[in-house]
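Reviewing the structure listed below.
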Number of protein chains: 4
Amino acid sequence: MMRAATLQDGGKARISAAAIELFGRKGYDATTIRDIAETAAMSLGALYRHYANKDELGRALYAEAIALWSERLLDSAAGLDDPAARLRAMTKFFCRAFDRDPNLFAFLLLNQHGPARSFDPKAANPLKVLEAEIRRGEQDGRILPGNRHLRALCVMGAVLQPAASYSRAGKTGLGALAEEIAAAAIRAAGVIEPTRRSGAVIQ
Amino acid sequence: MMRAATLQDGGKARISAAAIELFGRKGYDATTIRDIAETAAMSLGALYRHYANKDELGRALYAEAIALWSERLLDSAAGLDDPAARLRAMTKFFCRAFDRDPNLFAFLLLNQHGPARSFDPKAANPLKVLEAEIRRGEQDGRILPGNRHLRALCVMGAVLQPAASYSRAGKTGLGALAEEIAAAAIRAAGVIEPTRRSGAVIQ
Amino acid sequence: MMRAATLQDGGKARISAAAIELFGRKGYDATTIRDIAETAAMSLGALYRHYANKDELGRALYAEAIALWSERLLDSAAGLDDPAARLRAMTKFFCRAFDRDPNLFAFLLLNQHGPARSFDPKAANPLKVLEAEIRRGEQDGRILPGNRHLRALCVMGAVLQPAASYSRAGKTGLGALAEEIAAAAIRAAGVIEPTRRSGAVIQ
Amino acid sequence: MMRAATLQDGGKARISAAAIELFGRKGYDATTIRDIAETAAMSLGALYRHYANKDELGRALYAEAIALWSERLLDSAAGLDDPAARLRAMTKFFCRAFDRDPNLFAFLLLNQHGPARSFDPKAANPLKVLEAEIRRGEQDGRILPGNRHLRALCVMGAVLQPAASYSRAGKTGLGALAEEIAAAAIRAAGVIEPTRRSGAVIQ
DNA sequence: TATGAATGAGCTTTCATTCAT
DNA sequence: AATGAATGAAAGCTCATTCAT
């Protein structure tokens, strides 16, 4: 009746799963603590044993997942050197992540909510990973110089907006578009064409 | 005590201004009707003279503004022919619009909420304008062929994500970054370099 | 555009007609002052020129109509001497009154509401007319002796309950049943059979 | 602090008691959920644990009580055969029921309100019991033939109107008048005098 | 320790009444 | 004098949080 995780953590995993599903699907504000407890097949009191209140729950889940994803995002490009290849891998990571758990994706990267607003801007997050990627490429002369933070935002947006569209439509299957999204993201990043490393770039 | 707008419309403009500010800043769900009435320096009941309920208020404001912005977005590229120039103009339009009213921008383009969810998908909207732009460029051979809807989403994301970042930070001044955002958007769109119209493009 | 009555009374008749229709049809509590003003094609302020508030309006209409009906109820038996004939005439009066204006009938005799509850118990009302009728018959030896007030209530009920049923069903046409209702009312009243004036009566 | 009923049903009985008292005394519309909660010595929210909303509360109480009373009304004549005796027993049942709980009586039989209006017309109710009684007597030749439904309404009215009067006056003690009310009801029903079974009846 | 009934502040909405125009 | 926009108390209902059991 209970999954392994439950036996180990007293139900915290069930709470996470339930909360993320609901936060992603219905939005943070529209999700009630009762919703979560019921979905997690758990009593209200039990839920409050793990999290002091709704906000703390939201914040903790958000922070944990963002940290994890930041790490995995970086890992997804492990072993690759070429900026284009690295960005392509990362884009594919996002697409797969969306297809695997659209609700978590929405909660982490698409929806606006209290937990996201109050998230520590100094903590690791996917945007910073992308920014580091841009910096790296720039320093290697393989990405056009410029405002790295801004460039990272543009790349991020090129990847997230298709996901936002699919999310709103209740669809998955972003993986099938990963190549084309990656191409746009790489162009947005300002990756310089391999054959013309020190030459002209589009635009 | 009353502003010019009020004298003309009986307070509807004050409601719009208040609602948009709050919807944009705090989110739709987190904004209460009382919030809006207080911000509009108006009684609760007076609000209901203009809008039947919160949802209708949200929907009406959203629909009106989206229609207006779609039109203005298209107008912003009037007289320009080159896809790059057109996209640059549109990007600048977005940046200026953000700087002028970041809350309206957030309400219209950044936040998820009921009114956006229930918006008629057949009605004009900024994404469709961008998609038309891509189609046009593609047909002229000045934009790489591909999934136009997806490409439009990527371009949209490249423009919106910087705005989302500024919005979260409570900053304005996106106009100063318009050129660089435009460059990324144009690259994301797959605009072909003028000098190499039928040649290779990055990546 | 205005009826004669209006020209004479400044619209008070329009208010009466509107209020009675709505009080009878939707109930007193469920009828709003705005409803009444709109139905009477009159402004809110104008309405308040005639009646200080909703309660006074309700009370005044109720009191006026009850007084008028009490008079007419008595008149309906004018010229008749036999108790049975008199009660039959009165029952027919009720049935016709219901058919003519079911809403007024409901407001006056069927529905519970503040104005009815606060009505001066010493004022003339249909029940007292019936009670006088019973008294008269009793004193003449043509109606069984007993608790006259109670007997009047029973007669009243025998007449009103069919009307209540029709009212709930939204039907009219009580006139067609007047004879049979009258027969029951006369029996309930304890009218002694003409041929056996000093003899036994049913039960 | 808590009554026995509470210990058994978690407060549902306290809600019923409070709601019926207030619905009966002040009317359904004029009774607020807050009224009920306070009278039941219970919080607002607790009430909603038992009933989804005010309407459901009203409907449930009405339906349950009507069903119970219909049964008890029939039972009150158990073992009796003579129509007059049966109607007398039923009338006494009504009078005792009024004396025992005038507010419940008012809620069930005197007042107009949403729950009564939306009550399933096919479900058992006191009027149908009376109608069956009339039918039975008619078929036995001990009640005058005629429109049975109408006759039942007249009988019902003869019984209810005295209760309505007492209710408005805030009095009880209808039991003392039961015999006389019963006599009127029996006459209204058209019960034929035992000694003149096939003979003439009043009027 | 675990439960979920209970709490009540706060939400959206209605409407009798007032009063500036 | 006449209007109806404005007011705000109060309604029905929700839900984060507490706490007796």
Side-chain angles (χ1 to χ4, degrees), chain A residues 10-11 28-38 41-58, chain B residues 1-2 6-7 9-12 14-15 29-38 40-58, chain C residues 10-11 28-38 41-58, chain D residues 1-2 6-7 9-12 14-15 29-38 40-58:
Chain A
Y28 179 78
D29 287 346
T31 297
T32 72
I33 288 283
R34 264 204 155 67
D35 264 348
I36 298 171
E38 271 165 30
M42 174 175 288
S43 74
L44 272 176
L47 204 154
Y48 275 90
R49 287 192 65 69
H50 293 291
Y51 298 97
N53 51 46
K54 187 182 177 181
D55 252 43
E56 208 215 89
L57 166 60
Chain B
M1 194 227 274
M2 288 181 169
T6 303
L7 296 174
D9 65 13
K12 215 164 173 179
R14 285 213 317 281
I15 299 173
D29 287 347
T31 297
T32 71
I33 288 285
R34 272 194 157 73
D35 269 344
I36 298 172
E38 272 165 30
M42 173 177 288
S43 74
L44 252 179
L47 215 151
Y48 282 89
R49 185 160 288 289
H50 297 290
Y51 297 97
N53 51 47
K54 187 182 175 181
D55 253 41
E56 208 214 87
L57 166 60
Chain C
Y28 179 78
D29 287 346
T31 296
T32 71
I33 288 283
R34 264 204 154 68
D35 265 347
I36 298 172
E38 272 165 31
M42 174 175 288
S43 75
L44 271 177
L47 204 153
Y48 275 90
R49 286 193 62 70
H50 293 292
Y51 297 98
N53 52 45
K54 188 182 175 181
D55 253 42
E56 209 215 88
L57 165 60
Chain D
M1 195 226 273
M2 289 180 166
T6 305
L7 297 173
D9 65 13
K12 217 166 171 178
R14 286 215 314 282
I15 299 173
D29 287 348
T31 297
T32 72
I33 288 284
R34 277 190 159 77
D35 269 343
I36 297 172
E38 272 165 31
M42 175 178 286
S43 74
L44 249 179
L47 214 153
Y48 283 89
R49 186 159 287 289
H50 297 290
Y51 297 97
N53 50 48
K54 188 183 176 182
D55 254 42
E56 209 213 87
L57 166 59

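Letters A, B, ... mirror the listed sequences (proteins, then strands); counts begin at 1. The model shown is predicted, which means the values in this text are computed figures rather than measured ones.
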Partner nucleotide, any strand, of dT14(E) [Watson-Crick/G-U, under 3.5 Å]: dA9(F)
Nucleotide of dC13(F), dT7(F), dT18(F) approaching L44(A) most closely (side-chain heavy atoms): dT18(F)
Nearest non-hydrogen partners of A46(D) and M42(D), listed with the distance: CB-CG, 3.5 Å
Within-4.5 Å side-chain heavy-atom neighbours: I33(B) and Y48(B): yes
For E56(A) against H50(A), the heavy-atom pair lying closest together: OE1-O, 4.5 Å
5′-ward residue of the pair L47(D)/A30(C) relative to DNA chain E: L47(D)
5' priority, DNA chain E, between G45(D) and D55(C) [closest heavy atom]: G45(D)
Residue whose closest nucleotide on DNA chain F lies nearer the 5' end, M42(C) versus R34(D): M42(C)
Closest to side chain of K54(D), choosing from dC13(F), dA16(E), dT7(F): dC13(F)
Proximal nucleotide (of dT17(F), dG10(E), dT13(E)) relative to the I33(B) side chain: dT13(E)
Separation of dA6(F) P from I15(B) CD1 (nearest whole Å): 8 Å
Nearest-neighbour nucleotide for the Y48(C) side chain, dA16(E), dT17(F), dG12(F) considered: dA16(E)
Strand partner of dT21(F), provided both Watson-Crick or wobble distances fall under 3.5 Å: dA2(E)
Atom-to-atom span, CD of E38(D) to P of dT7(E) - whole angstrom: 12 Å
K54(A) (side chain) donor-acceptor with Y28(A) (main chain) under 3.5 angstrom: yes
Sugar-phosphate, base or nothing in reach of R49(A), heavy atoms under 4.0 Å: sugar-phosphate
Nearest-0.5 Å distance, CD of residue E38(C) to OG1 of residue T32(C): 7.5 Å
dA6(E) OP1/OP2 closer than 4.0 Å to side-chain N/O of S43(D): no
Proximal nucleotide (of dT7(F), dT13(E), dC15(F)) relative to the A46(B) side chain: dT7(F)
Pairing partner of dT7(E) (Watson-Crick or G-U wobble, both distances under 3.5 Å): dA16(F)
d(CD, E56(D); C1', dG12(F)) in whole Å: 14 Å
Contact nearer the 5' end of DNA chain F, comparing D29(D) with A41(B): A41(B)
